[in-house]
There are 4 protein chains.
Amino acid sequence: MHTILITGFEPFGGESENPSWQVAQALEGWQPNEECIVKAVRLPCTFDDSLPTLHSALESLSPVMVIALGQAGGRAEISLEKVAINYQNAPIPDNAGKQPHGTPVVPSGPNAYFSTLPLNRLANALNEAHHPASISYTAGTFVCNHVFYGLMHALAHHTEVRAGFIHIPYSPAQACKHRAPSMPVGDVVAAMKIAIELSLLDDDATTVCEGMLH
Amino acid sequence: MHTILITGFEPFGGESENPSWQVAQALEGWQPNEECIVKAVRLPCTFDDSLPTLHSALESLSPVMVIALGQAGGRAEISLEKVAINYQNAPIPDNAGKQPHGTPVVPSGPNAYFSTLPLNRLANALNEAHHPASISYTAGTFVCNHVFYGLMHALAHHTEVRAGFIHIPYSPAQACKHRAPSMPVGDVVAAMKIAIELSLLDDDATTVCEGMLH
Amino acid sequence: MHTILITGFEPFGGESENPSWQVAQALEGWQPNEECIVKAVRLPCTFDDSLPTLHSALESLSPVMVIALGQAGGRAEISLEKVAINYQNAPIPDNAGKQPHGTPVVPSGPNAYFSTLPLNRLANALNEAHHPASISYTAGTFVCNHVFYGLMHALAHHTEVRAGFIHIPYSPAQACKHRAPSMPVGDVVAAMKIAIELSLLDDDATTVCEGMLH
Amino acid sequence: MHTILITGFEPFGGESENPSWQVAQALEGWQPNEECIVKAVRLPCTFDDSLPTLHSALESLSPVMVIALGQAGGRAEISLEKVAINYQNAPIPDNAGKQPHGTPVVPSGPNAYFSTLPLNRLANALNEAHHPASISYTAGTFVCNHVFYGLMHALAHHTEVRAGFIHIPYSPAQACKHRAPSMPVGDVVAAMKIAIELSLLDDDATTVCEGMLH
């Protein structure tokens with residue numbers, strides 16, 4: 001049986017929940033086919049401990065695919081992240097009180113990695129299934145981007161393991177406090193099942209999807 | 001058995017569906033208590049025919065409460081409308097091709113009516129139940145406001161019949177085409193059941209809810 | 001010589017300046033023609049003292065026209081307000097610490113007044129002159145709406161005196177703290193000169209301007 | 001005399017003007033000090049011809065610094081772009097009717113370049129001077145990013161030449177058609193003079209600036 005690793009984060013920024021973990025948890029044990037099973041791992045929302053936790057999951061589980069999830073409060077759609085940058089600049093302290101400004105994730109690492117998930121295919125399929133989704137070209141400069149970059153760097157020489165990062169909107173419970181767009185956790189779970197199934201398929205070659213003007 | 005009238009609109013503005021009617025339809029026949037039952041009526045999205053259709057429903061059904069629903073594409077929350085104004089100014093043609101600019105809904109009617117639904121109570125209860133909702137102080141100047149004003153005008157001397165207008169976000173299917181916030185129709189239905197139950201209670205007197213700076 | 005009264009507010013909500021007063025002040029003494037001169041008056045941002053200050057200016061100056069200005073942080077355009085509602089609901093305390101919830105501005109007053117400025121004409125002329133502007137159908141429920149309503153109520157039997165309320169964006173200095181849209185104070189002053197000149201003309205009859213869907 | 005190259009774009013997307021070129025043009029011939037003078041060059045908004053035009057300017061002018069400007073309609077602030085990605089995906093056709101989907105700017109180039117302008121220093125100084133500005137982590141996937149990437153690639157072995165890309169909001173004239181935030185061209189010119197002066201200074205080492213959550 002092959003493992004598909006789905007990570008979510010612990011709550012941060014004053015929230016009491018994080019829908020990225022709620023979604024990951026709901027996927028634990030799900031089998032997209034007879035050969036694969038989802039394993040969910042919760043990451044601390046800290047610059048120091050998130051990547052060690054992820055690395056140790058990569059080592060112990062040897063997953064065939066990895067999707068890291070994060071909360072993007074204020075966004076209205078599922079955001080399929082394209083670019084992880086080698087740069088961290090925290091607008092708020094992380095859960096350990098650390099707030100790096102302008103440091104690289106991996107000194108001497110390349111400037112950026114691209115997701116190896118079939119993003120065009122995912123964007124089109126999710127929207128066809130009525131799950132609002134689009135490709136995003138920035139995952140920010142906080143712990144989410146840090147984990148996304150660290151994930152892609154760890155797998156840089158394992159290109160057979162597809163991996164990427166997906167940001168999700170506030171849950172309705174959170175949105176009630178912020179006057180912000182929301183997406184029910186159950187709907188995100190359904191969308192992620194589609195994303196996982198499609199990402200196990202071969203390629204993204206023939207699919208086209210809209211870019212961004214700026 | 002008392003009737004609660006819930007109206008929704010036909011699609012407009014190039015859409016193939018209107019979640020306000022999908023929600024109304026789903027509530028048809030629902031009984032919030034043993035004495036009341038919901039009747040759903042679909043209104044045309046036209047300045048000329050929407051109010052005659054509403055008036056004829058009011059006459060034939062003699063409802064004890066009326067909630068008119070409308071789609072507000074781009075809004076992220078359920079919008080409990082406070083104010084109906086005696087003014088119509090259409091940014092796009094209605095479904096009959098009519099586009100009034102600067103005319104009153106009811107010549108010589110008062111400038112505005114206020115919703116008689118317990119809006120503060122509804123806003124607080126919906127958010128407590130994790131249905132993002134807030135009070136809105138403009139229902140626009142298109143057919144939604146036209147119907148809201150016409151509804152309150154028709155009931156101006158029947159203050160025992162609570163009535164109001166509620167705008168709802170795009171459905172996820174619509175939002176996929178617009179890169180906009182969404183709310184699943186089923187979740188809006190659940191929220192409207194809470195709204196109906198609470199609106200049958202006595203008053204809004206002791207409830208306080210946040211206003212708007214501008 | 002006839003007086004045109006332009007009011008602005010003192011700072012509120014933690015700001016150290018209020019562009020509405022900066023604009024009013026810059027217009028003090030300006031003469032749109034040989035018969036009229038602008039008098040600027042600063043209003044306190046409190047529910048208790050703003051209207052007494054305005055009323056006393058109305059009495060002592062007997063203006064032929066009144067435009068009250070207010071700051072609408074977050075809006076990108078000059079907002080020509082159409083509707084003043086008889087309702088106050090403060091999301092934050094005013095500058096005297098008062099925070100009314102759900103009370104009328106004038107007990108037993110009508111639900112709403114409409115601006116008597118030629119809003120369509122103003123919106124079109126300002127945009128033609130490259131001052132982004134649009135008509136707004138809500139002035140909120142804080143002190144701005146309170147003053148707008150109180151102004152129109154005071155002039156309800158003096159329909160020869162045109163009056164209204166205009167919201168303006170953050171100044172660039174303020175926007176730097178809020179990551180929000182801005183408009184330079186000097187540009188708003190230039191726009192207000194156009195608005196004053198046009199509002200002295202006869203009527204709004206033939207002008208058409210776009211409304212709002214919701 | 002050293003040359004500072006400032007580029008702007010021709011209009012695109014149905015606009016009749018492009019504020020990026022209006023700003024560049026206004027800076028033509030400006031001398032931030034006795035040794036440097038600005039040269040403005042207009043780039044076509046096409047994937048095929050923009051970089052050849054830029055490359056030929058780089059060759060003929062041998063600039064000591066290059067700032068490419070572009071229009072970002074809808075943004076409220078001056079956007080100091082951090083990241084150029086090796087990816088083009090056009091949401092609309094360019095001015096030659098070309099619309100690439102998912103191709104690299106430079107086959108076998110690195111995934112991303114970072115701006116070598118002192119972005120933290122610029123962001124802080126511009127905001128202190130009341131020019132709303134922030135660092136952006138995506139320049140989109142259209143011609144702006146294409147030029148940004150091509151610029152940084154051309155200078156990859158000339159790190160003594162500072163270079164970067166700055167997005168600017170709609171001009172007020174444009175914003176009037178789009179109901180969008182705006183910034184007067186003259187104010188952007190003043191801001192760019194500050195940006196040029198500061199970018200000629202030594203380094204960005206000690207300056208700290210806020211990042212983005214997502």
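Quick note on labels: first sequence line is chain A, next is B, and so on, each numbered from 1.
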Side chain to side chain, B/Asn111 and C/Asn111, heavy atoms closer than 4.5 Å: no
Does any non-hydrogen side-chain atom of C/Lys82 lie less than 4.5 Å from one of B/Tyr87? yes
For B/Ala139, is it the side chain, the backbone, both or neither that has a heavy atom under 4.5 Å from a heavy atom of chain C? backbone
So which bits of residues 8-18 of chain C come within less than 4.5 Å of chain B, counting non-hydrogen atoms only? C/Phe12
Would you compute the distance between atom OH of C/Tyr137 and atom OG1 of B/Thr141 and round it to the nearest 0.5 angstrom? 4.5 Å
What are the residues of residues 143-157 of chain B, in order of number, with any heavy atom under 4.5 angstrom from a heavy atom of chain C? none
Are more than 12 heavy atoms from other residues, nucleotides or ligands located less than 6.0 Å from atom CD of C/Glu160? yes
Determine yes or no for a side-chain-to-main-chain donor-acceptor pair under 3.5 angstrom, with C/His214 supplying the side chain and B/Gly73 the backbone. yes
Scanning both residues in full, the closest heavy-atom pair of C/Gly211 with B/Pro91 reads O-CB, 3.4 Å
